[in-house]
Protein chains: 4
Amino acid sequence: MQAGFRLVAEVGFEGLRLRQVAEDVGIDHSTLHHHFATKQDLVAAIAAYTVSQFWFTAQEDGDPVVRLRSHFDALARLLREHPDLFTVTVELDLRARRDPTVRAAMVEHEAGWRQVLVRTLAEGLAGGTLNREIDPVATAELIIATVKGARLVPGRADVIFDQLFALILGCPLSDDRPPNEETSEKRTS
Amino acid sequence: MQAGFRLVAEVGFEGLRLRQVAEDVGIDHSTLHHHFATKQDLVAAIAAYTVSQFWFTAQEDGDPVVRLRSHFDALARLLREHPDLFTVTVELDLRARRDPTVRAAMVEHEAGWRQVLVRTLAEGLAGGTLNREIDPVATAELIIATVKGARLVPGRADVIFDQLFALILGCPLSDDRPPNEETSEKRTS
Amino acid sequence: MQAGFRLVAEVGFEGLRLRQVAEDVGIDHSTLHHHFATKQDLVAAIAAYTVSQFWFTAQEDGDPVVRLRSHFDALARLLREHPDLFTVTVELDLRARRDPTVRAAMVEHEAGWRQVLVRTLAEGLAGGTLNREIDPVATAELIIATVKGARLVPGRADVIFDQLFALILGCPLSDDRPPNEETSEKRTS
Amino acid sequence: MQAGFRLVAEVGFEGLRLRQVAEDVGIDHSTLHHHFATKQDLVAAIAAYTVSQFWFTAQEDGDPVVRLRSHFDALARLLREHPDLFTVTVELDLRARRDPTVRAAMVEHEAGWRQVLVRTLAEGLAGGTLNREIDPVATAELIIATVKGARLVPGRADVIFDQLFALILGCPLSDDRPPNEETSEKRTS
DNA sequence: CATGAATGAGAGTTCATTCAT
DNA sequence: AATGAATGAACTCTCATTCAT
């Protein structure tokens, strides 16, 4: 399963070959069929394995702004340190279009993610620490879409996340009102 | 080429079969090889054809805010009316990872898009009609990433675009401008 | 492999078709690929099989003249009884020009043959039973070339070999030895 | 036709492609079909062209030994200066097995060659300047076979021809009888 | 659990040949 | 005389899958 994951990261689902997976593991390709009756099954397992790797380090308590910031940071770090994870996710998003099993896994995973985002945004909105015009649901979708798009350009993910975060934060730092001190500076890390 | 495009939209590059393309056109598959020596060549042609379909209806003059709004609207309409175009673009983005020819086409296309966005954002910033803290380059990347991510959920593209536009527009809470003026009426979803 | 050999004898390497080989054996052509990954591999196997069929019945002891004569006889008999072997050898010689694997097999095989010939000729020369002016190396090459040429006209091989043998044997006119003694009785054609 | 000849010399009949021939000539491959209706026709033309290149510089008069020697020399020189000619001849000999047209051309060409050889040998025999035990017909076949075999090892053709010539010349240079002065020395050129 | 031989559908590609222009 | 589009048969090779062991 992990070998399959690695292979997908390397050559995509289009280039995924059962024989190669088996060889990487060090077993006969027939033995692979013993564990995964069909290629589809392996793909589903890879999908499940991949989404299981995402454990949103989303604290439930604390300042929503901080939680949102750390969420972006966690994503940025993950993207930096485990680019494979995002590479495979892109592949999975594409495959989900035509593979219901994969689609189900992705939808479920995304639902959890969306829920976390919506709750955090709603709290921030209620607390007045976020741009008041933000619609939590719409912005959650916006964040999800942005992250998905940013996967394709890992090198620019940081700047993209920073800009989005800045926009979400709220009223942009007008000179006559003090901005949120600890977050207004452009994060570059 | 168009048949290839349609087929990619339907079954993806992974399912693209030359024989099927030829059959859709009504010619022998050998004849297809007469025009596109290799499958790669056909894929490149499909890529070129696809990006050529994007004619950013980006006026050079006028209020940058209006131009940006109409840009989003144009994308939303295109996404609604020609979802195939975006489906194939997703496929192309994936394929670009491993196919230098496709990558070149995508990079070039994206560069033009980015340029238009940066210019419009910079003008809006200079004119004071946009959120003053926006970085044109970063926001251009943000928009591109968002659009790319939104392709995967065409049904939610409208709300995503609207939310992003609202954030870019600026602080709706500024004291000297009535809130919700130019953003509330634009909601189309 | 043997089916491949037979097919080459029949239609040449130019006409060698994997599907035909597989069919002759009674297996699917995919199964053939299971055993010989590539056509080249099968060709190499055919080459190895073919040269392995040549077991020069070259005794190491005894009168060099007798050994040489029996060598020619063995070749003539082989050519009569297994013309396929020579047909394929001709094909292999041609293919060796462009296929390094085949070339290596042929060179090795030929080296063994040459060695046997040179040794026999040298012994005969030393023993005084052969034409004194013969150069063992040159004559070995001459024999090899003649045999290779004779493969193309199997029907005339006997007379060619006999004539060559007679010339190698020595001067039938020498005063101290009765002419036609050991050569006239050997004519078999 | 000449382009075909060159191509056969390079890649053999097995690798001969009409499109390549046409391209080498600088015409469309359809135009080639205008001149040679079928590939077979082109092959036949190549065969005819090839054998036409062999003009045995066989004088009809003079000492048979000298004529034979010069025949060998001419062959050796041709082999040195125009190896393509022999390369293609090898290909033709192989192809003649399965292509009646080519076979006819080769047989006719060979018949002329054989006739020259037989006549020269017979004259030499009659004149007493050759090994008396030589059978003109058998030796002609021997020479032809040897030349055919020597084509496969152009580098060793000289030494092979020299050795064969020495053997044909006659009684080998016994010490007590003067050999043919001008021919007994080992030719090395 | 594991293997390797076997399968069959089908992939991209090649190439001599034909035909309308 | 020459072209280029079109053809179709056939090629080697791939790969997920099955089955007997």
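First the proteins, then the strands, lettered A, B, ... as listed; each starts at 1.
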Strand contacts (DNA chain E) in residues 3-12 of chain B, 4.0 angstrom heavy-atom criterion: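 Per residue number, the list is empty: none.
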Tell me the stems DNA chain F sits in, counting at least three consecutive Watson-Crick or G-U wobble pairs, each under 3.5 Å on both distances.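 Result, WC/G-U stems under 3.5 Å: E:2-21 with F:2-21.
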Tell me every residue that passes salt bridge (Lys or Arg N to Asp or Glu O under 4.0 Å) with C:Arg98, counting only those two or more places apart in sequence or in another chain.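 Listed in chain order: D:Glu91.
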For C:Asp99, give me all partners under salt bridge (Lys or Arg N to Asp or Glu O under 4.0 Å), at least two apart in sequence or on another chain.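 Listed in chain order: C:Arg95.
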A:Arg97 side chain reached by B:Thr87 side chain, heavy atoms, under 4.5 Å: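 Yes - at least one pair of side-chain heavy atoms lies under 4.5 Å apart.
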Sequence neighbours excluded and cut-off under 3.5 Å, please list the side-chain donor-acceptor pairs for residues 30-39 of chain A, or say none.
| from | atom 1 | to | atom 2 | distance (Å) |
| --- | --- | --- | --- | --- |
| A:Ser30 | OG | A:Asp28 | OD1 | 3.2 |
| A:Thr38 | OG1 | A:Gln40 | N | 3.4 |
| A:Lys39 | NZ | A:Leu16 | O | 2.9 |

Does a nitrogen or oxygen in the side chain of [X] sit under 4.0 Å from OP1 or OP2 of [N]?
{"X": "B:His34", "N": "F:dA5", "result": "yes"}
{"X": "D:His35", "N": "F:dA2", "result": "yes"}
{"X": "C:Thr31", "N": "E:dA5", "result": "no"}

ring-ring contact (aromatic ring centres under 6.0 Å, His included) with D:Phe86: which residues, sequence neighbours excluded?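 With sequence neighbours excluded, D:Phe86 shows a ring-ring contact (aromatic ring centres under 6.0 Å, His included) to D:Phe54, given in chain and number order.
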Quick one: list whatever passes ring-ring contact (aromatic ring centres under 6.0 Å, His included) with B:Phe5, sequence neighbours left out.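 B:Tyr49.
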In this structure, how many angstroms lie between the [atom2] atom of [N] and the [atom1] atom of [X], rounded?
{"X": "B:Glu23", "N": "F:dT7", "atom1": "CD", "atom2": "P", "result": "13 Å"}
{"X": "A:Ile27", "N": "E:dA2", "atom1": "CD1", "atom2": "P", "result": "7 Å"}
{"X": "A:Asp28", "N": "E:dA5", "atom1": "CG", "atom2": "P", "result": "9 Å"}

DNA chain E: 5'-proximal contact among C:Leu32 and A:Gly26 (nearest heavy atom):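 Looking at DNA chain E, the more 5' nearest nucleotide goes with A:Gly26.
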Kindly write out the residues that satisfy side-chain contact (heavy atoms from CB on, under 4.5 Å) with D:Val51, not counting sequence neighbours, or none if the list is empty.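 Here the qualifying residues are D:Met106, D:His109.
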Can you name the side-chain contact (heavy atoms from CB on, under 4.5 Å) partners of D:Val11, sequence neighbours left out?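 D:Val11 satisfies side-chain contact (heavy atoms from CB on, under 4.5 Å) with D:Leu7 once adjacent residues are dropped.
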Starting from the C-alpha separation in whole Å, work towards a yes-or-no answer on salt bridge (charged side-chain N to carboxylate O under 4.0 Å, His left out) for D:Asp84 and D:Arg6. CA-CA 8 Å; D:Asp84 283 3; D:Arg6 275 191 300 272; over 6 Å; no
For A:Asp24, side-chain hydrogen bond (donor to acceptor under 3.5 Å, both in side chains) partners two or more places apart: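 Result, side-chain hydrogen bond (donor to acceptor under 3.5 Å, both in side chains) vs A:Asp24: A:Gln20.
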Under the ring-ring contact (aromatic ring centres under 6.0 Å, His included) definition, can you give me all pairs with a residue in residues 8-27 of chain C, not counting sequence neighbours?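 Residue pairs with at least one partner in residues 8-27 of chain C: there are none.
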I'd like to compare against my own output: the B/S/- annotation of nucleotides 11-21 of chain F with a strict under-4.0 Å heavy-atom distance to protein. SBBBSBBB---
